[in-house]
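The model shown is predicted, which means the values in this text are computed figures rather than measured ones. Note on naming: letters A, B, ... go to the chains in the order of the sequence lines (proteins, then strands), and numbering restarts at 1 for each one.
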Amino acid sequence: MFSSSQLRTRCLVLLQSSLTTITFFFQIHAQMIRNHLFPADAFVARRALEFVVSSPQGANLNYALKIFDQIPHPNTFAWNTMIRCYANSPFPACSLGLFNRMIRSSSFAIDAKPNSYTYPFLLKACARLSAVREGEKLHGFMVGLGADTDVFSINGLINMYAACGKINSSRLLFDAALTGKEDTVTWNSMLSGYLNSGLINLAGKLFDSMPDREKGVVTWNVMINGYSRHGEIDRAKLIFNRMPKRNVETWNTLMVGYVRCGLLDTARKVFDEIPNRNAVSWSAMITAYTQGDQPNEALSLFDEMEKSSCFVEPNLSTVVSVLSACTQLGAVERGKRVHDYIERNKMKVDSIVGTALIDMYAKSGCIETATSVFKSLKKPKDVFPWTVMISGLAANGHGFEALALFHEMESTGVRPNRITFVGVLSACSHGGWVDSAMKYMSLMTEVYGLEPESEHYGCIVDALGRVGRLTEAVSFIEAMPRRWINDVIWLTLVGSCSFYGDIAVSEYALKRLNRFGDVYVLVSNIYAMNGRWVKARNARSIMESKGIQKCPGRSSIEIAGAVHDFHSGQKSYGRIHDIYEMIRIINFRIR
DNA sequence: GGTTTTCTTG
């Protein structure tokens, strides 16, 4: 057995150890309570709080607040810990509320007054909220206490005002600080303030006037990032070339700059040149491929990452972009392996990763697995997992379940967004439930104040078309706000016409198309159904006369985890002869 | 006793 002081020391050591997981922490916490170390021993309690807010698996806000509320007389450090935790959380406003509690309760306690650490956290919260009034109030409070002269606070103020769009106030504070009070962060804050406000020429002038000895790596990085964000990738590159010293962030910033400008190949060249790639470098490049509709490139880069001699541990972002590449390709087997990887490495399945997993499984038709991932997510779930789960159910033909889940989401107090309603409405359209679709559409506008867009209207058109109410669908489209009427809407209707073989409505819809796109097959079906074989054959020439080339039919299949991509007319695939041989055999057997 | 600000991925 341990003596009580030995136990205390042991707890403190474990709380500081990087090997302590949150699960193990709960055990330590239980021991501390049992042995009256918590909450009586204020120092131990503060260490526990600090552990929970900076746990490697992410801060546990609710638990942190529970611990904090049990500390009898929190000192400045404890308050600061809790305020910092909220400032960096999804709820920065809570840190301002906590600060109010702090000044009310600390009027007599000397060891619980705000200090020079407190203000930067609060200013960060204001900056993240773009809360000018709160920021100004806080600034006034600081001036009253003479707490506005610390360089961290000055930098925080410059940053806060810039984030709130008060760039002139930032500049006034900056000029006042240029009397020896400033450091390199002061300059960086002012520069990034200008750049984020789109004032790139003012930033350039300030940068040129800055003494070279003041310029740190971050200063240069800020410039590269700012220029590239405003499409000035060439100016960004010039800055990059002039740098005396670069770090990984420099390389990553330039690479991402090229990605933003759509120059994926140049970005890849930069990536290949990075001397010491980190997880961000890899994730950013993989994401670029995924979002640039090159999911195969994304996956092969991930393979390379795993095989690379200078091994970099994939992080949550890496995993998310790999999963969304799998989703694009419908590569479930591959996605499952990523899922295994997540579990093997005990990575925390947060809302973002969870959403990516659900989406991957649902879009690949594995609705049961999607559901079980959804159920395993920690409560409260934010709107994203709910949304992909609802859309996934709808897409797999489980309309009733999708709507039931939507109501469950509403009853938990989660506010649906426009994407959620696309899922809800598509559940209705798949079932041909016109009345429900209309009902949800008005719920969307009247209760949630969301303006329906093209996709939402499209679902109603689809629902009407599915049950054969084609002329009603036409009048619905014509009553829609003009700007949301597009080819997709008309094509939806053409699709329904091809099911019901309605020539009149389909011709009406086709006349309203801007591009003729890929409707050739649909259109010839409509004519063929009505025995108009000549017109059916002509559909292709109509299309060509509009100057549109038909995109080749495409398909992909996953075999043993590898994705094979095909398009019609392709002759170059490695086993093309085997494939044609197989087709011959199949045809023979059918006959 | 110890925590802050500026740059890169989702």
Side-chain angles (χ1 to χ4, degrees), chain A residues 12 15-16 42-44 46-47 49-50 53-54 75-85 87-88 111 114-125 127 150-160 162-163 170 177 182-196 215-229 236 239 246-260 267 270-271 274 277-291 312 314-324 350-356 384:
Chain A
L12 289 175
L15 286 179
Q16 291 232 62
F43 181 62
V44 174
R46 288 198 296 271
R47 272 284 157 83
L49 177 65
E50 208 186 339
V53 306
S54 54
N75 68 358
T76 307
F77 179 79
W79 282 106
N80 288 350
T81 306
M82 203 58 222
I83 288 173
R84 177 186 46 157
C85 175
N88 297 317
D111 67 343
N115 63 10
S116 61
Y117 288 97
T118 319
Y119 303 110
F121 300 139
L122 293 166
L123 290 166
K124 175 148 199 187
D150 177 74
V151 69
F152 285 101
S153 295
I154 292 172
N155 298 342
L157 282 165
I158 293 174
N159 189 44
M160 182 274 293
S170 296
E182 85 284 10
D183 65 5
T184 178
V185 181
T186 316
W187 286 92
N188 299 346
S189 302
M190 194 62 230
L191 287 169
S192 81
Y194 275 143
L195 290 163
N196 290 335
K215 288 175 185 153
V217 190
V218 178
T219 316
W220 296 87
N221 292 353
V222 166
M223 294 306 291
I224 295 176
N225 182 44
Y227 279 143
S228 83
R229 263 179 199 277
I239 296 282
R246 305 180 182 113
N247 59 14
V248 211
E249 285 84 356
T250 315
W251 287 93
N252 292 347
T253 308
L254 183 71
M255 180 181 78
V256 169
Y258 282 116
V259 173
R260 276 201 207 99
V270 174
F271 174 82
I274 302 179
R277 288 172 213 144
N278 63 10
V280 175
S281 327
W282 286 97
S283 307
M285 197 63 230
I286 292 173
T287 306
Y289 280 131
T290 308
Q291 293 182 348
V312 178
N315 63 14
L316 291 181
S317 313
T318 324
V319 155
V320 168
S321 30
V322 173
L323 282 173
S324 84
D350 62 3
S351 165
I352 301 171
V353 180
T355 302
F384 300 102

Applying a 4.0 Å non-hydrogen cut-off, can you work out what [X] is touching in the nucleic acid: base, sugar-phosphate, or nothing?
| X | result |
| --- | --- |
| Thr253(A) | sugar-phosphate |
| Arg260(A) | sugar-phosphate |
| Arg229(A) | sugar-phosphate |
| Ser116(A) | base |
| Val218(A) | base |
| Asn315(A) | base |
| Asn225(A) | sugar-phosphate |
| Asn115(A) | base |

Handout entry: Exercise: identify the closest heavy-atom pair between Thr186(A) and Val151(A)
Key =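 Closest heavy-atom pair between Thr186(A) and Val151(A): OG1-CG2, 4.0 Å.
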Exercise for the section: With a 4.0 angstrom cut-off to heavy atoms of chain A, pull out the first and last contacting nucleotide of DNA chain B, in 5'-to-3' order. Expected result: dG1(B) to dG10(B)
Problem - Worked check of side chain to side chain donor-acceptor pair (under 3.5 Å) between Asn278(A) and Asn252(A) - result: CA-CA 9 Å; Asn278(A) 63 10; Asn252(A) 292 347; 3.3 Å; yes
Exercise for the section: Sequence neighbours left out, what passes ring pair (Phe, Tyr, Trp, His ring centres under 6.0 Å) with Phe271(A)? Give chain and number order. Expected result: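 Listed in chain order: Trp282(A).
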Exercise for the section: With sequence neighbours excluded, tell me which residues meet side chain to side chain donor-acceptor pair (under 3.5 Å) with Arg260(A). Expected result: Ser228(A)
